[in-house]
Structure formats: structure tokens, C-alpha cells
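Notes for the one structure printed next.
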Amino acid sequence: MAHRRFHLQRDTDVTGASGTGRVADGVLWPDGTVTLRWRGPRASTVHWDSLADAEAIHGHGGHTRIVWDDPQPADWDQADMTCPHCPDGHTPPTGGSQPWGAYIGPERDGDGQPTTIHVARTGGAHVAESDAAWVRSRLN
């Protein structure tokens, strides 16, 4: 696999530190590690073990998006890409940097008691049908 450039596009600055727009430039390296170079008056460079790790910290629940600047390389290993949205492979439901969380939803019955439990990845990571199947298999 060749390297692939991207940038972080921030729609909402939840921390007040980086602003909005194109806030960082990055490279996904052939070994799956990531380098980010932050823009702005206090520019810095940080390295991550995976794109999922970088997104878990800097994605702010979907307020910052990964935008690919390079097309998908021809030698990209499709066998490792089980999710079209995860350039480094979809995190399996049993692991990853964003564990599962559960919370009571706002739905109530006639007596005002909760009727829904929501299960989600923490940090706003997306999920796939394979994740739903994994959760269902544990409930039933």
C-alpha cells in the first residue's frame, strides 16, 4: 500500500483551540500509522498508531472529518478494508480505541418510564451492520 494524504476539516470547534475549516494535514503511512501536522500559530506534529486512534482524539464526535486529498492507491489492500468508510479497516466490535457505551434514551411509556437503551461506540465512531449483528448475538 502506498501512503495517502488527507486533511482534517473541522465544522465546529468544540474546544476553542484550533478554529474551524482545514485545521490539520495528515498522511496515512503504508504500515497503518498516521502523521498529523496542525496548522495555525502554534503548529505541531503528532504521530498515531492508527487513523482510528487519531480520529478518536481529534474527531470530537463527528465535528471534525477526515477528507482524503489523494485518491485511493491502486495497490491498496482491499482485503484489509472491510468497511468502505474506514481506510485502515473497520474496528472489530470486540476492540478498538472507542469502546461500547450504553445510555437510556428519552423515549418513555405512559407511566413515564424509559423504554429504550441506546448502544453506541464512544467518541462518535460510526458503526456497521456487522456491529449490530454482534450486539444482537449477545442480547439474544
Side-chain angles (χ1 to χ4, degrees):
M1 173 176 80
H3 71 278
R4 192 175 183 196
R5 296 175 304 144
F6 65 92
H7 67 271
L8 297 182
Q9 185 72 27
R10 182 159 290 159
D11 300 319
T12 303
D13 186 5
V14 297
T15 65
S18 302
T20 58
R22 188 173 181 154
V23 295
D25 300 294
V27 176
L28 173 62
W29 297 104
D31 65 356
T33 61
V34 170
T35 302
L36 282 176
R37 176 71 180 164
W38 291 93
R39 295 175 164 219
R42 293 188 177 112
S44 63
T45 303
V46 63
H47 302 283
W48 293 96
D49 287 337
S50 71
L51 189 61
D53 289 345
E55 189 175 20
I57 299 300
H58 301 297
H60 296 291
H63 293 292
T64 303
R65 296 174 284 117
I66 295 168
V67 178
W68 293 105
D69 298 324
D70 290 331
Q72 183 172 309
D75 63 344
W76 196 274
D77 185 358
Q78 292 293 321
D80 292 337
M81 291 189 57
T82 57
C83 176
H85 305 289
C86 298
D88 58 347
H90 186 74
T91 303
T94 55
S97 61
Q98 296 189 28
W100 292 97
Y103 63 94
I104 301 293
E107 301 84 359
R108 299 289 188 254
D109 65 13
D111 294 326
Q113 299 300 311
T115 60
T116 306
I117 298 173
H118 294 270
V119 178
R121 286 280 195 181
T122 60
H126 74 268
V127 295
E129 179 55 39
S130 59
D131 296 318
W134 181 82
V135 170
R136 282 191 299 271
S137 73
R138 269 121 193 100
L139 296 176
N140 298 319

May I have the step-by-step check of side chain to side chain contact (heavy atoms under 4.5 Å, CB included) for Thr116 and Ile104, ending in yes or no?
-> CA-CA 6 Å; Thr116 306; Ile104 301 293; over 6 Å; no
With side chain to side chain contact (heavy atoms under 4.5 Å, CB included) as the test, would you mind laying out the steps for Val34 and Val27 before giving the verdict?
-> CA-CA 6 Å; Val34 170; Val27 176; over 6 Å; no
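- Of all heavy-atom pairs spanning Ile117 and Ala102, the tightest one is CG2-CB, 4.1 Å.
- By the 4.5 Å heavy-atom criterion applied to side chains, His7 and Asp69 are counted as neighbours.
- Remark: the backbone N or O of Arg5 is paired with a side-chain donor or acceptor of Asp70 at under 3.5 angstrom.
- Classification of the Trp68-Phe6 ring pair by plane angle, with boundaries at 30° and 60°, yields perpendicular.
- In this structure a side-chain-to-backbone donor-acceptor pair under 3.5 Å is missing from Asp111 to Gln113.
- The closest side-chain heavy-atom distance from Val46 to Thr35 is not below 4.5 Å.
- Residue Trp38 comes nearest to Ala43 through the heavy atom pair O-CB, 3.1 Å, listed as atom of the first residue, atom of the second, then distance.
- Applying the salt bridge (Lys or Arg N to Asp or Glu O under 4.0 Å) test to Arg42 and every residue at least two apart in sequence or in another chain returns nothing.
- Remark: Asp25 pairs with Arg22, Arg39 by the salt bridge (Lys or Arg N to Asp or Glu O under 4.0 Å) rule, at least two apart or across chains.
- Across every non-hydrogen atom of Pro106 and His118, the tightest pair is CD-NE2, 4.2 Å.
- Shown here are the salt bridge (Lys or Arg N to Asp or Glu O under 4.0 Å) partners of Arg108, two or more places apart in sequence or in another chain: there are none.
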